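Just so you know, residue 1 is the first one in the sequence shown, and it goes up from there. Computed from a prediction, not measured in an experiment: that's the story for all the values here.
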Amino acid sequence: MKPQAATADAFASMQQALTQGWSKALESFQSAGMGGVSTPGMPMELPQFSLQPEKLQALQQQYVEEASELWRQGFTKPPAADKRFAAEAWGSNPVSAFSAAVYLLNARTLMGMAEAVEADPKTKARLRFAVEQWMAASAPSNSLAFNAEAQKRAIETQGESIAKGLQNLLKDVQQGHLSMTDESAFEVGRNVATTEGAVVFENELFQLLEYKPLTAKVYERPFLLVPPCINKFYILDLQPENSLIRYAVEQGHRVFVVSWRNPDESLREFTWDRYIEDAAIKAIHLAQEISGSKQINALGFCVGGTILSTALAVLAARGEHPVASVTLLTTLLDFSDTGILDIFIDEQMVQYREMQMGKGGLLPGGDLSSTFSFLRPNDLFWNYVVGNYLKGETPPPFDLLYWNSDATNLPGPFYAWYLRNTYLENKLRVPNALTVCGAKIDLGAIDAPVYLYGSREDHIVPIEGAYASTQLLKGKKRFVMGASGHIAGVINPPAKKKRSHWIREDGKLPASQAEWLKGATEHPGSWWTDWSNWLKGHAGKQIAAPKTYGKGSAYKASEPAPGRYVKARA
């Protein structure tokens, strides 16, 4: 056969392959539009949609041009900068390199289709999420047949990596979740959650921890921390060097922390009102009573901030103003902007949850954990599938990921109320729109100065959502933005000298975070020192540190911190 004819035949085959590839991409995209996508515990359905013919034609032309360029490169050029395909083995294996390059081309094309759809913002966001999930799952790096790096390791270890991968898979099946770290390296109370303290009260919902003073004197007003109940409190006390709890103790505060119980069937009928009355309000009153101080300082983190703010609004309606200051870290009070989580929330989904568990039941902790992982599927799911199972790696010890894997359940009625009244109907921001614990609540009635913190790259509480609280709360406010995300932005001790934070020195709080940022100044390092200086201004005079935990016989130490509630696994 003449060379010209061979080239022509090859090009014709390539054109046929391109046509088939385009057809498959289009078919996959259209099937997404006719069906739906769900993540564990979060049912979701996509509405039907269509593409404008001219936009579709432009995308097809671009697809063919980029695919033709792949052909001219000889299929051996390593893919574009993507850490999944960055290892040298991908570039030296033509089949793997080509599969990665074609995959990335299809991914770009499908995302282009998603962007070209004419629909409302929520529909487009759902579509983008569906495509991202599909593409993350279909990456050639997820398959031993195409993963050149995993193949190379199997050869170098004479199959040992494959055997180890199977062992890792069986272990994860037995434990019921994907390993993100070497969990055997950590134990709550031994090398995480180690700040010295004691349990001074407990009921069905929480244990109240009091921490041993590290200074000869403490501020007269105690400091109460309310963490999120969808996670365990020791994110605030991972290691001594990055513990916000220990830092507060070192600054001279008498520190109390709510340690939520990990719900079991005995709590299956517990409501939002029970969490407010019997936990948040109870903890506030306990801190007052044990310390003998009329007012306390309080901090809420994430959902803990929403719970704390609701409790303070209930108390305000009763004529009580127990806090001298409030700190809210990455907290939503106005749920107008909930970021990527908004794609899961609609009337159909909320009704499903209400029918399923609104009168009783438990939301398994694994459902929420899996959902949050799939918000960043490549980083928080497939990365570990490839490492653990295809490469036979044991993930290194990492305290934060150990905490992340320590899931908690939620009572169904609590969860259903929270979904409808915050994420779906956004009633918490509306004065007197909600009745909680028998009281009409108004966040504007909370009479206390507030320190508000938001993380710039937070995908759970977007920075705009965190900032929106400045427009609801009426007390004197200070807003600070930190770098990084939901956890890393918050857990940023000063000694590390990492990241930055932004403060607006003129104190102005315009309607939007974007406007606020125009007048803000970047400061290197942690926001903790700024917050600590602010908190000391509301802590009162210094008094001799208490010699014992609790108060008298009514509130005495019953067991060492971190207590047994936090050790219960979901």
Side-chain angles (χ1 to χ4, degrees), residues 31-49 117 119-133 228-230 263-265 267-276 302-303 306-307 310 332-375 407-430 432-438 440-441 459-462 465 468 570:
S31 67
M34 297 298 291
V37 171
S38 65
T39 56
M42 292 284 194
M44 180 179 69
E45 185 175 346
L46 289 171
Q48 296 185 12
F49 58 84
V117 166
D120 63 273
K122 187 162 187 170
T123 297
K124 292 193 71 168
R126 285 182 161 184
L127 181 56
R128 282 192 296 268
F129 182 81
V131 172
E132 287 170 356
Q133 296 299 315
C229 59
I230 61 173
D264 56 21
E265 281 296 321
L267 270 63
R268 68 189 314 273
E269 296 181 356
F270 274 48
T271 62
W272 179 265
D273 281 23
R274 290 291 298 271
Y275 272 69
I276 300 302
C302 188
V303 180
T306 311
I307 290 173
T310 304
L332 286 172
L333 300 181
D334 182 339
F335 287 71
S336 298
D337 184 355
T338 57
I340 188 65
L341 290 175
D342 180 64
I343 68 171
F344 298 113
I345 311 297
D346 58 21
E347 181 64 35
Q348 179 185 14
M349 179 269 186
V350 173
Q351 283 188 9
Y352 168 78
R353 285 306 195 190
E354 288 172 336
M355 290 187 295
Q356 181 189 38
M357 60 180 67
K359 299 297 183 182
L362 289 177
L363 177 72
D367 284 7
L368 278 177
S369 179
S370 296
T371 297
F372 286 125
S373 292
F374 277 100
L375 297 181
T408 55
N409 303 321
L410 282 180
F414 168 96
Y415 177 60
W417 188 98
Y418 180 59
L419 282 179
R420 175 166 293 282
N421 290 289
T422 59
Y423 276 92
L424 181 64
E425 298 183 0
N426 196 13
K427 286 184 176 179
L428 191 59
R429 67 172 181 170
V430 182
N432 304 317
L434 289 175
T435 299
V436 178
C437 301
K440 294 283 187 180
I441 61 171
H459 65 293
I460 295 175
V461 178

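- The CG atom of L363 lies 5.0 Å from the OH atom of Y415; values are rounded to the nearest 0.5 Å.
- With salt bridges taken as basic N to acidic carboxylate O contacts below 4.0 Å, none links K359 and E269.
- Ionic pairing of R126 and D342 is not present here: no N-O contact between side-chain nitrogen and carboxylate oxygen is shorter than 4.0 angstrom.
- Between P413 and F270, every side-chain heavy-atom pair lies at or beyond the 4.5 Å cut-off.
- Proximity of T338 to I345: side-chain heavy atoms (C-beta onward) are nowhere separated by under 4.5 Å.
- Counting only N and O atoms by type, the side chains of D334 and N426 include a donor and acceptor under 3.5 Å apart.
- Residue L333 holds its CG atom at 12.0 Å from CZ of R429, rounded to the nearest 0.5 Å.
- Between T306 and L428 the shortest side-chain heavy-atom distance falls below 4.5 Å.
- Closest heavy-atom contact between G366 and A407: N-CB, 4.2 Å.
- Y352 has its side chain out of reach of Q348: every pair of non-hydrogen atoms, C-beta onward, lies at least 4.5 Å apart.
- Between the side chain of D273 and the backbone N or O of C437 there is at least one donor-acceptor pair closer than 3.5 Å.
- Remark: Q351 engages E347 in a side chain to side chain donor-acceptor pair (under 3.5 Å) (not counting sequence neighbours).
- Listed for the T408 side chain is a donor-acceptor partner under 3.5 Å among the backbone atoms of I230.
- W272 pairs by the ring pair (Phe, Tyr, Trp, His ring centres under 6.0 Å) definition with F414, W417, Y418, not counting sequence neighbours.
- Remark: side-chain polar atoms of K124 are paired, donor with acceptor, to backbone N or O of V117 under 3.5 angstrom.
- Closest heavy-atom contact between G358 and A416: CA-CB, 4.1 Å.
- Centroid-to-centroid, the aromatic rings of F344 and Y423 stay 6.0 Å apart or farther.
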Are L424 and L419 close enough, and set up right, to give a side chain to side chain contact (heavy atoms under 4.5 Å, CB included), and what steps lead you there?
-> CA-CA 6 Å; L424 181 64; L419 282 179; over 6 Å; no
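- Closest approach of N409 and G365 over heavy atoms only: OD1-N, 2.8 Å.
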- Does the side chain to side chain contact (heavy atoms under 4.5 Å, CB included) test come out yes or no for T422 and K427, once each step is laid out? CA-CA 6 Å; T422 59; K427 286 184 176 179; over 6 Å; no
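- The shortest distance between side-chain heavy atoms of I276 and I307 falls below 4.5 Å.
- In this structure, L362 and M357 have side chains that are not in contact, with every pair of non-hydrogen atoms separated by 4.5 Å or more.
- Partners of R274 by side chain to side chain donor-acceptor pair (under 3.5 Å), not counting sequence neighbours, listed by chain and number: E204, D278.
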